Amino acid sequence: MLPPESEIGRVNARAGASAVPVSPETYAVLSSGLDAGTRFAGCFDVTIGPLVALWRSARASLAPPDAAGIERALPLVDYRDLLLDSRKGTAALRHPGQSVDLGGIGKGLAGDSIREVLRRCGVGSAYSNLGGNVVTLGAKPDGSPWQIGIQHPREERGLVGAVAVVDEAVVTSGDYQRYFTDRNGRRHHHILDPTTGYPAASGLVSVTIVAGDSLVADVLSTALFVAGMEKGLEHLGRFPGAGAVFVDAGLRVYVTEGLRSRFRPAEGVRFAALN
Amino acid sequence: MIGWIIGGVVVVALGIAGGVGWSALRREHKEARNLPLNAVDFGRLRDGTYHGAYAGGMYKWRANACQVTVSGGRVTGIELVGSDDPGGENTQHHALYDRVIEAQSLPVDTISGATLTSKAYLQAVENALVQAQGD
């Protein structure tokens, strides 16, 4: 939950009323969010706040939101209603009740910022791990690539495998990270489909993205999780140098061609390469 | 005037105390961060039971001890045999130990999609395993 005094909190509080001046950093992340909305139409929306709020209270009460509530929230989710004015450095939301939520982009941006600070301080070799969002700077001190494990989506103590990376980010979106089980025993995870208003049901349980920037990796992992593998691969094709590891509901593992030689499966895990 | 001098002295003293405290905390944190299991060559472990302890950083906050069993050249069991961690009642070290056992074939630096913090538990494991390494 955003503190109301935060910049984004103020933008949300003034939704439908007025534009709010924001810092260049906030402006940049909102602008990236807007851009992601255009690129991944229907699969990523930075104005998903009203739905996130609905599902957050659902998790607290262990009961999914009623359909009417979702119907009311859906029209409020539209990134095109986030109005940025680069000249004035302001952000605004067109309609009352709309709100920005930086899930799927905020941690990514933070990871890139950390790497930038380290780089400016002359650090040549480092990694940061913000709650599972990994960003590496350079190679390991001994010159070899970092080995980044990928959490197994169903075995708490297991890995799907590991990818070797240098100066890249590795971000995973999975249905196992935050979820609740309702009274009927149905599981609801936290990655929402901005088109349906419900947790994404694209047939994937985990998407890992390897990319140069952690912001890109963060947005891609969320958007591809929502889009599903087929559509996701189309999106991924527009990001040269980015690779993905998908795990589907049958726990089958798929690795994109560019990552194949850098991916090592965990013991007992079999995978298929994607072209 | 004298009030200003006293005030100045207090500010300087607080500054020094804060600086000392901060650097001490930083050292403790730095120690905790730099505890990967990279001193162990998992390909050269001799069978046996080994004990390892970690003093827990400068302030002993993370002191713990463990017993590691190696059989057939592989780590087959790790047990916590002592901990000063007030939070040591919880069971997070089990997950960590299991990860060590699993990671023998796939050593990783960190994990995407998961949070993993308690490196202090790993230090005692490493200390035990260093003894298990063949020469």
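The analysis underlying the following values was restricted to heavy atoms, covering all of them including side chains, and did not include hydrogens, waters or symmetry mates. Chain identifiers are assigned alphabetically (A, B, ...) following the order of the sequence lines, protein sequences preceding nucleic acid strands; residue numbering begins at 1 within each chain. Because the structure is predicted, anything quoted here is derived from the model rather than measured.
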Peer 1: What heavy-atom pair brings Ser112(B) and Thr172(A) nearest, and what distance separates the two atoms?
Peer 2: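 Where Ser112(B) meets Thr172(A) most closely, the heavy atoms are OG-OG1, 2.6 Å.
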Peer 1: Looking only at heavy atoms, which two atoms of Pro107(B) and Gln147(A) are closest? And how far apart?
Peer 2: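 So the minimum-distance heavy-atom pair works out to O-CB, 3.7 Å.
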Peer 1: In terms of heavy-atom pairs under 4.5 Å, which option from Gln177(A), His152(A), Lys140(A) contacts chain B the most?
Peer 2: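 Ranked by heavy-atom pairs under 4.5 Å with chain B, first place is Lys140(A).
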Peer 1: Checking heavy atoms, do the side chain of Val170(A), its backbone, both or neither come under 4.5 Å from chain B?
Peer 2: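 Its backbone and side chain both get close to chain B.
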Peer 1: Which heavy-atom pair separates Ile111(B) from Ile150(A) by the least distance, and what is that distance?
Peer 2: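 In this case the closest contact between Ile111(B) and Ile150(A) is CG2-C, 4.3 Å.
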Peer 1: What is the minimum heavy-atom distance between Ala114(B) and Gln151(A), and which atoms define it?
Peer 2: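 Where Ala114(B) meets Gln151(A) most closely, the heavy atoms are CB-OE1, 3.1 Å.
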Peer 1: Is Arg260(A) atom CZ crowded by more than 12 heavy atoms from other residues, nucleotides or ligands, each under 6.0 Å away?
Peer 2: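 Not buried by this count: 12 neighbours or fewer within 6.0 Å.
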Peer 1: Counting neighbours of CD on Glu257(A) that are heavy atoms of other residues, nucleotides or ligands and sit closer than 6.0 Å, is the number greater than 12?
Peer 2: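 Correct, the count exceeds 12.
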Peer 1: Does any backbone or side-chain atom of Pro153(A) lie under 4.5 Å from a heavy atom of chain B? Answer side chain, backbone, both or neither.
Peer 2: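 Contact with chain B is absent: no heavy atom of Pro153(A) under 4.5 Å.
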Peer 1: Near Arg39(A) CZ, under 6.0 Å, is it more than 12 heavy atoms from other residues, nucleotides or ligands?
Peer 2: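 No, the 6.0 Å shell around CZ holds no more than 12 heavy atoms from other groups.
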